[in-house]
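What follows is a short report on a single structure.
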Amino acid sequence: FMSHRVAILSSHFSPVSAVMASEKEAALAATPSDSPTIFDKIISKEIPSTVVYEDDKVLAFRDITPQGPIHILLIPKVRDGLTGLSKAEERHIDILGRLLYTAKLVAKQEGLDEGFRIVINDGPQGCQSVYHIHVHLIGGRQMNWPPG
């Protein structure tokens, strides 16, 4: 437990390029599966998180490796086969809309009146490392274009 915690804490102090490389490595090593993800453990409160918004369908919490002054992940509480956007089916329309609308609410709550970025990574080349759909809400700094 302690070494895992140290690894998490030390990741906060790594150079950005090292964090980006490790995220890419994690994404390339990740495989879709029906087994519980880290997000399931966050939903069940087995793993602590800093929750900024929660309702019956969506949980929003701070990313432990933020890519901006504000970096929040929004996830559906029930995965329902929605491991990534490419796996979306018609039955997921409501939760997909709910995730984006909730991102808008959280952005307002966080004071991101000057703008923010929404990111959904999908698959290995999209740098997805957790196969439970999630929306990144990033703000509090000027974004660049094109993204990496």
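What you are looking at is a predicted structure, and each value in this text was computed from that prediction instead of being measured. In this chain, numbering begins with 1 at the start of the sequence shown. All heavy atoms count here, side chains included; hydrogens, waters and symmetry mates do not.
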[X], [Y]: one ILVMFWY side-chain cluster at the under-4.5 Å cut-off?
X    : Y    : result
L74  : L112 : yes
V52  : L105 : yes
I120 : V106 : yes
I133 : Y53  : yes

Fill in: Residue pair I38, V130: steps toward the side chain to side chain contact (heavy atoms under 4.5 Å, CB included) verdict
CA-CA 8 Å; I38 188 170; V130 179; 4.0 Å; yes
Not counting sequence neighbours, which residues clear side-chain contact (heavy atoms from CB on, under 4.5 Å) with [X]? List them please.
X    : result
K57  : D55, I95, R98
K41  : E46, I47
I118 : L100, A103, F116, V135, L137
E54  : K45, V51, L59, K77

Discussion item. According to ring-ring contact (aromatic ring centres under 6.0 Å, His included), who are the partners of F61, at least two apart in sequence or on a separate chain?
Written reply: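 With neighbours one apart ignored, the set is F39.
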Worksheet item: Which residues pass the ring-ring contact (aromatic ring centres under 6.0 Å, His included) test with H71, sequence neighbours left out?
Response: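 Testing H71 for ring-ring contact (aromatic ring centres under 6.0 Å, His included), a comparison that skips the adjacent residues, returns H136.
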Item to complete: Output every pair passing ring-ring contact (aromatic ring centres under 6.0 Å, His included) with a member in residues 83-108, not counting sequence neighbours, ordered by first then second residue.
Response: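 Checked against ring-ring contact (aromatic ring centres under 6.0 Å, His included) - neighbours excluded - no pair reaches residues 83-108.
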Fill in: Side-chain (H132) to main-chain (P76) donor-acceptor, under 3.5 angstrom
yes
Worksheet item: Are any side-chain N or O atoms of D80 and backbone N or O atoms of L82, one a donor and one an acceptor, separated by less than 3.5 Å?
Response: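 Side chain of D80 to backbone of L82: no pair is present.
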Fill in: Contact summary for P69 and G139, nearest pair of heavy atoms
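Looking at all heavy atoms of both residues, the shortest contact is CD-O, 3.4 Å.
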Fill in: Hydrophobic cluster (4.5 angstrom, side-chain heavy atoms) - remaining members for M143
V119, I138
Fill in: Members besides W145 in its Ile/Leu/Val/Met/Phe/Trp/Tyr cluster (side-chain heavy atoms under 4.5 Å)
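Noted: W145 shares its cluster with no other residue.
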Item to complete: Using a 4.5 Å cut-off on heavy atoms from C-beta on, say whether the side chain of L85 contacts that of L96.
Response: yes
Practice prompt. Determine whether V58 and L99 make a side-chain contact, defined as any pair of heavy atoms from C-beta on separated by less than 4.5 Å.
Written response: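 They are in side-chain contact.
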Worksheet entry | Pairs where residues 104-129 contributes a residue and the test salt bridge (charged side-chain N to carboxylate O under 4.0 Å, His left out) is met, not counting sequence neighbours | R62-E110
Worksheet item: What residues, two or more places apart in sequence or in another chain, satisfy side-chain hydrogen bond (donor to acceptor under 3.5 Å, both in side chains) together with E89?
Response: R91
Fill in: Test side-chain hydrogen bond (donor to acceptor under 3.5 Å, both in side chains) applied to T37 - qualifying residues, sequence neighbours left out
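Here the qualifying residues are D40.
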Practice prompt. Working to the nearest 0.5 Å, report the span between OG1 of T102 and CD of Q109.
Written response: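 Reported to 0.5 Å precision, the distance equals 10.5 Å.
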